[in-house]
Amino acid sequence: METAKRRTMSTIVSRLSSVSEQTRAAALAELRLISKQDPDSRLIIADAGAIPYLAETLYSSSHSSQENAAATLLNLSITSREPLMSSRGLLDALSHALRHHDTTTSPAAVQSSAATIYSLLIAEESYRPIIGSKRDIIFSLIHIIRYPDSHPRSIKDSLKALFAIALYPMNRSTMISLGAIPALFSLIVKDSRCGIVEDATAVMAQVAGCEDSEDGMRRVSGANVLADLLDPCTGSSLRIKENSVGALLNLARCGGAAARSEVAAAVASGADEGAMEGIVYVAENGSLKGRKKAVDLLKLVVSGNGGGDSRFDYLFNENPNSRSS
């Protein structure tokens, strides 16, 4: 049966080189459907030599062809990452699709291309420095999230790709140099869609874990914005609060003394101590990692304000592993 499947895939892939545009389009649509419905076919499709044709199609002027090719690459990336990364020109083709998000690439192809980057990176740490070295990919993803006419799905997929890129610490300074911080904070401040703000703060929490973030955060009043998100009055979700805690903690840890002072001042400012209340909420209700980070941030803020605040002793003395999330 597998032999018959390989023969079928080989026949379909051979049509991708046809001089007939209609034949190529039909083959692309068929590969997209098969790669979605039959996970076992993905490696067979890659082995049949489809990847170079799919990558080349991302340069096509046909939106339907772009979309089918990009969606097929995304499907292949779920289980056949190595053949994709070893295909010459694949990353350049994905970069092209992302770079022309506001002109010749269809929104659906942009979304699948960004999602492919995320899929390649989220499970394979070894690919993170490789894709992180492609400044044009990072620049394009940042441009997508700050472009006013970007489709919401394109923004979300680009944020996820940026998150995966930022998981590799050496990529963070590149992201900052290409304008990630103001782009992210523009979304955080201006975008009212909860899911997008959640994803933007998740990326920011990673990017803040870099000493180069201190100046960029200061330029956008980042510590104050993140502290505001912790205030219960803002109605931020628990995930946004957790991400804000992580970003503030990373900023304080990776920045200098001035950054630590700014974080402590931003959190402790205000008569109602709304940000402090938000940190306590995360410390009591967040995920295991979120609770630990919240306690660490509380300790930093309390010590930065002279210490001696016994209100939080019950959190400082509690083992975060003792409470289920």
Side-chain angles (χ1 to χ4, degrees), residues 118 122 145 155-156 159-169 172 175 180-181 183-189 191-210 213 217 220-255 259-260 262-264 266-270 272-302 304 311-312 314-316 318-325:
Y118 173 79
I122 201 63
I145 68 171
I155 295 174
K156 282 187 66 68
L159 286 169
K160 289 180 178 179
L162 288 169
F163 175 82
I165 291 170
L167 289 175
Y168 183 65
R172 296 167 190 167
M175 295 173 66
I181 291 178
L184 289 167
F185 272 94
S186 180
L187 282 178
I188 292 169
V189 171
D191 202 302
S192 61
R193 293 165 290 194
C194 181
I196 287 180
V197 177
E198 287 181 344
D199 290 341
T201 51
V203 179
M204 195 60 246
Q206 296 298 321
V207 173
C210 169
S213 69
M217 291 280 274
V220 296
S221 301
N224 289 325
V225 172
L226 293 167
D228 285 344
L229 291 175
L230 289 166
D231 193 318
C233 294
T234 62
S236 298
S237 68
L238 176 58
R239 185 179 170 219
I240 291 174
K241 287 183 170 65
E242 280 202 29
N243 292 338
S244 298
V245 164
L248 288 167
L249 183 62
N250 281 339
L251 176 61
R253 284 175 169 172
C254 297
R260 289 190 289 276
E262 287 171 12
V263 169
V267 170
S269 65
D272 59 356
E273 292 190 327
M276 294 284 276
E277 185 178 342
I279 299 173
V280 171
Y281 181 80
V282 174
E284 293 178 338
N285 301 284
S287 65
L288 181 61
K289 287 184 178 180
R291 294 200 303 270
K292 184 179 186 307
K293 290 177 181 179
V295 170
D296 288 346
L297 183 57
L298 270 178
K299 289 178 179 178
L300 182 147
V301 173
V302 170
R311 290 178 298 167
F312 311 117
Y314 75 101
L315 290 171
F316 298 161
E318 181 180 271
N319 181 352
N321 293 301
S322 64
R323 209 164 355 107
S324 61
S325 58

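One is the number of the first residue; the rest follow in order along the sequence.
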Inset, instruction - Kindly say whether Ser287 contributes a backbone atom to a donor-acceptor pair with the side chain of Glu242 at under 3.5 angstrom? - result: yes

Inset, instruction - Kindly indicate whether the side chain of Lys241, heavy atoms from C-beta on, has any atom under 4.5 Å from the side chain of Leu229. - result: no

Inset, instruction - Determine the minimum heavy-atom distance between Leu226 and Ala247, stating which atoms define it. - result: CD1-CB, 3.6 Å

Inset, instruction - Applying side-chain hydrogen bond (donor to acceptor under 3.5 Å, both in side chains), name anything that partners Asp296, two or more places apart in sequence or on another chain. - result: Arg253, Lys292

Legend entry - Closest heavy-atom pair and its distance - Gly278, Pro232: N-CD, 4.5 Å

Legend entry - Heavy-atom check, side chain of Glu277 versus side chain of Asp231, under 4.5 Å: no

Legend entry - Identified side chain to side chain contact (heavy atoms under 4.5 Å, CB included) counterpart of Leu187 within the set Leu159, Val197, Thr201: Leu159

Legend entry - Closest non-hydrogen atom pair, Leu300 against Ala252: CD1-CB, 3.4 Å

Legend entry - Gap separating the CG atom of Leu249 from the OG atom of Ser244, nearest 0.5 angstrom: 12.5 Å

Legend entry - Considering all heavy atoms, the nearest Ala205-Asn250 contact: O-ND2, 2.7 Å

Legend entry - Heavy-atom pair of closest approach, residues Met175 and Leu162: CE-O, 3.6 Å

Inset, instruction - Rounded to the nearest 0.5 Å, what's the gap from NZ on Lys293 to CG on Leu248? Could you check? - result: 11.5 Å

Legend entry - Rounded distance (nearest 0.5 Å) linking atom CD of Gln206 with atom CZ of Phe163: 4.5 Å

Inset, instruction - May I ask you to test the Met276-Leu230 pair for a side-chain heavy-atom distance under 4.5 Å? - result: no

Inset, instruction - For the residue pair Asp199 and Val203, establish whether any side-chain heavy-atom pair is separated by less than 4.5 Å. - result: no

Legend entry - Heavy-atom side-chain contact between Ile155 and Arg193 under 4.5 Å: yes

Legend entry - Check: Arg172 side chain, Gly209 main-chain N or O, donor-acceptor pair, under 3.5 Å: yes

Legend entry - Student check: side-chain heavy atoms of Ile145 and Ile196 closer than 4.5 Å: no

Legend entry - Least distance between heavy atoms, Ala227 atom then Ala266 atom: CB-O, 3.6 Å

Inset, instruction - Answer yes or no: is there a side-chain heavy-atom contact under 4.5 Å between Ile240 and Thr234? - result: no

Inset, instruction - Measure the shortest side-chain to side-chain distance between Tyr118 and Ile165 over non-hydrogen atoms and say whether it is less than 4.5 angstrom. - result: no

